[in-house]
Amino acid sequence: MKKEIWKDNPLDSLKTAILEAIKTAYPGLGYEYEEINLDIPPDPKMGDFGFSCFELAKKIRDNPAKISNNLSEKIKPTKFIDKVCTSGPFLNFFLKNEIFISDIINHILFQKESYGRINLGNGKGIMIEYSAPNTNKPQHLGHVRNNTIGMALSNILEKAGFRVYRVNLVNDRGIHISKSMIAYKLWGNGKTPESEGKKGDHFVGDYYVLFEQKAKKDPVLLKEAQELLIKWENGDKDVVNLWRKMNNWVYEGFDETYRRLGCKFDKIYYESDTYKLGKDIVFKALKEGHCYKDSKGDIVIDLRDRGLEKKVLLRKDGTSVYITQDIGTTVMKFNDFNIERSIFVVASEQKYHFKVLFNVLDIFGYEWAKNCFHLGYGMVYLPEGKMKSREGKVVDADNLMDELHQLAKNEIMKRNRNIHGEELEKIAESIGIGAIKYFLLKVHPLKDIFFNPEESISFEGTTGPYVQYTHARISSVMRMGGNKINESPDYSLMTTPEEIQLSKLLAKFPDIVFESASSYNISRVANYLFNVAKAFNKFYHDHSILNAGNKKLTAGRVNLCKASLIVLKEGLKLLGIEPLEKM
RNA sequence: GCGCCCGUAGCUCAGUUGGAUAGAGCGCCGGGCUUCGAACCCGUAGGUCGCAGGUUCGAGUCCUGCCGGGCGCACCA
């Protein structure tokens, strides 16, 4: 972490002043810029920003209160710092508000959409694999969480200065695919998604569910599915053709779901392609002695000295297992792209699998194996428990989006906002999908989510629509006259707690991007945006902007609105939620 | 049984990487639109941070042990 990362941070001069005071007071002490962390004191009466001296006390082996006192004498008021005072071990700063406000607003208005960009990544390549659907069923709420996290993380890392590559890995082969194929062969009667007027992934998914129902009573069906899989592996023409036809139906369905969610990929990997490379690599590793053939004939690797178990890498009949394909895919990723790090966004239930995978790759001699990271997010549960595709017990992604679209539409019409026709549909879509995304993103990715359809997604409080509403509200003020202000602002007139609080929060945006990107915690951005929106709404409620009674004050407040608009817009874009001008 | 994750207000969640008096939203009760968007704002009530120890100036946060919930531990992907 080098200083250049923070170049864009408006609080830079405060941090620099503290560092210089430390260097003057304690020469030779190795204290670094990035160790300086600013707090916000519990009460504004105590100061605008604070620095605690406990860390220093540890290094110097002295009383933190004494250090704080000592430092306070070394820091003189600057154009920026009004007053320094101590409160025990805390060194508190009062800023010259008009300078602070004018600095931060000017900074944001100058930076525009690049405000918040930091240099954490320094242009380094990073890959994010997300979504990874199976081609035997439509996507459900769990996939939506995955897609939403994957997109947001990609955007945030991009903002943090990484070169991000988004990829998908489609699980298009295996016994589960054979099951829907068998069901279609037996009961499909030549129907197609077109003939039934159904989305392709739903059409295929119905046969998968049908198979599971029938297979309960007729075990022969499972055998048929297994035989079909072997035929597929042997390249049987009819089987491969049917496989291709049904997968294409599914892809057409997925395209529609991805379009609505806004999923974009630089490349899509198919396991039907990558498993072959995986096999080659395992055979090579066998020759090199990294793994061995056990008494049954399976190729096995022994990971017990790494605290793991033995793991089969290839079946005795030469067919691949799950990990074989992932070995191939991961090697292919590092061959295809110039990346330093590879992130796998996959549900946390697969934690062990990835631990094994990364260890195997490490043993095989790939130095980049230590740069693979599994971002395992928590499960999504329904009130009745875990979602189960094979029983059809899921919250379907497409239905959910339709439902929220409709709810949003009702809300708009209730407010009678002169929004009609195509525009109404477009805005309802943005709000509905924004609500879903925000609902999933505001929770820490590691935590499980319990989804209650009746109460989970609302349009009030800590929600996507609340943030979007604030954005639309500011946009409206701009339309109503904000954009036509020519007067130059006088920031010394902006002295209220609401104006100061909002400005302080806007100044935190680059810090939030940093924290979110370095910990892969997308919920930080979501919660920060809520705080910004809340601070804006409070400010808006308490103070008049266009009718402030003083043109220079109006100009200042309009600029504060513009700066807030930029932060909200950039923040929403990071989350993959569309900022709206009207709603 | 073994391994990993999670326990914070009635419910859903934050908690700036160990810092000042633990915060929001929803819900309940009450208040605020002839004035820039009320999908908004304000107030009241609500807590043994699962329990018990430990580490230190300081623990919701770190270590240990319990309790409760989840997820893994296949030639399924």
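Order of the sequence lines fixes the chain letters, A, B, ..., with proteins taken first and strands second; residue numbering starts at 1 for each chain.
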Can you check nucleotides 24-30 of chain B for protein contacts, nitrogen or oxygen pairs under 3.5 Å, and list what you find?
{"from": "rA24(B)", "atom 1": "O3'", "to": "Lys534(A)", "atom 2": "NZ", "distance (Å)": "3.4"}
{"from": "rG25(B)", "atom 1": "O4'", "to": "Thr462(A)", "atom 2": "OG1", "distance (Å)": "3.1"}
{"from": "rG25(B)", "atom 1": "O2'", "to": "Thr462(A)", "atom 2": "N", "distance (Å)": "3.2"}

Please enumerate all protein N or O atoms sitting under 3.5 Å from an N or O of nucleotides 32-35 of chain B, with distances to 0.1 Å.
none

If you restrict it to nitrogen or oxygen atoms, what contacts under 3.5 Å exist between nucleotides 2-10 of chain B and the protein, and what is each distance?
{"from": "rG7(B)", "atom 1": "OP1", "to": "Lys447(A)", "atom 2": "NZ", "distance (Å)": "3.3"}

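Among the protein residues, Tyr381(A) comes within range of the sugar-phosphate backbone only, with heavy atoms under 4.0 Å from sugar or phosphate atoms but none that close to a base. Residue contacts for Ser519(A): at a heavy-atom cut-off of 4.0 Å it reaches a base atom on one of the strands shown. As judged by a 4.0 angstrom heavy-atom cut-off over every strand, Ile412(A) is placed among the base-contacting residues. At a threshold of 4.0 angstrom between heavy atoms, the contacts of Gln325(A) are confined to the sugar-phosphate backbone, with no base atom among them. Across all strands shown, His543(A) has heavy atoms under 4.0 Å from base atoms, whether or not it also approaches the sugar-phosphate. Using a 4.0 Å heavy-atom cutoff across all strands shown, Gln468(A) reaches no nucleic acid atom at all.
Ranking rA39(B), rG72(B), rC75(B) by closeness to the Val312(A) side chain, first place goes to rC75(B). Nearest nucleotide to the side chain of Glu349(A), out of rG19(B), rG72(B), rC36(B): rG72(B). Residue Tyr466(A) has its side chain nearest to rC40(B) when only rA77(B), rA14(B), rC40(B) are considered.
Applying the 5.5 angstrom centroid cut-off and the 30 degree plane-angle cut-off, the aromatic ring of Phe54(A) is stacked upon the base of rG19(B).
Whole-Å rounding puts the Gln501(A) CD to rC41(B) C1' distance at 16 Å.
If you check rC2(B) for Watson-Crick or wobble pairing at under 3.5 angstrom, you find it paired to rG72(B). Searching all strands for a Watson-Crick or G-U wobble partner of rG58(B) with both distances below 3.5 Å returns nothing. Across all strands shown, rU48(B) forms no Watson-Crick or G-U wobble pair with both distances under 3.5 Å. In a base pair of the Watson-Crick type (N1 to N3 plus N6-O4 or O6-N4) or a G-U wobble (N1-O2 and O6-N3), with each distance short of 3.5 Å, rG10(B) is matched with rC26(B).
Of the side-chain N and O atoms in Tyr469(A), one or more sit less than 4.0 angstrom from OP1 or OP2 of rA39(B). Within the structure, a side-chain polar atom (N or O) of Arg315(A) is placed less than 4.0 Å from OP1 or OP2 of rA77(B).
Evaluation of atom-type donor-acceptor distances gives a pair under 3.5 Å for the side chain of Asn92(A) against the base of rA20(B).
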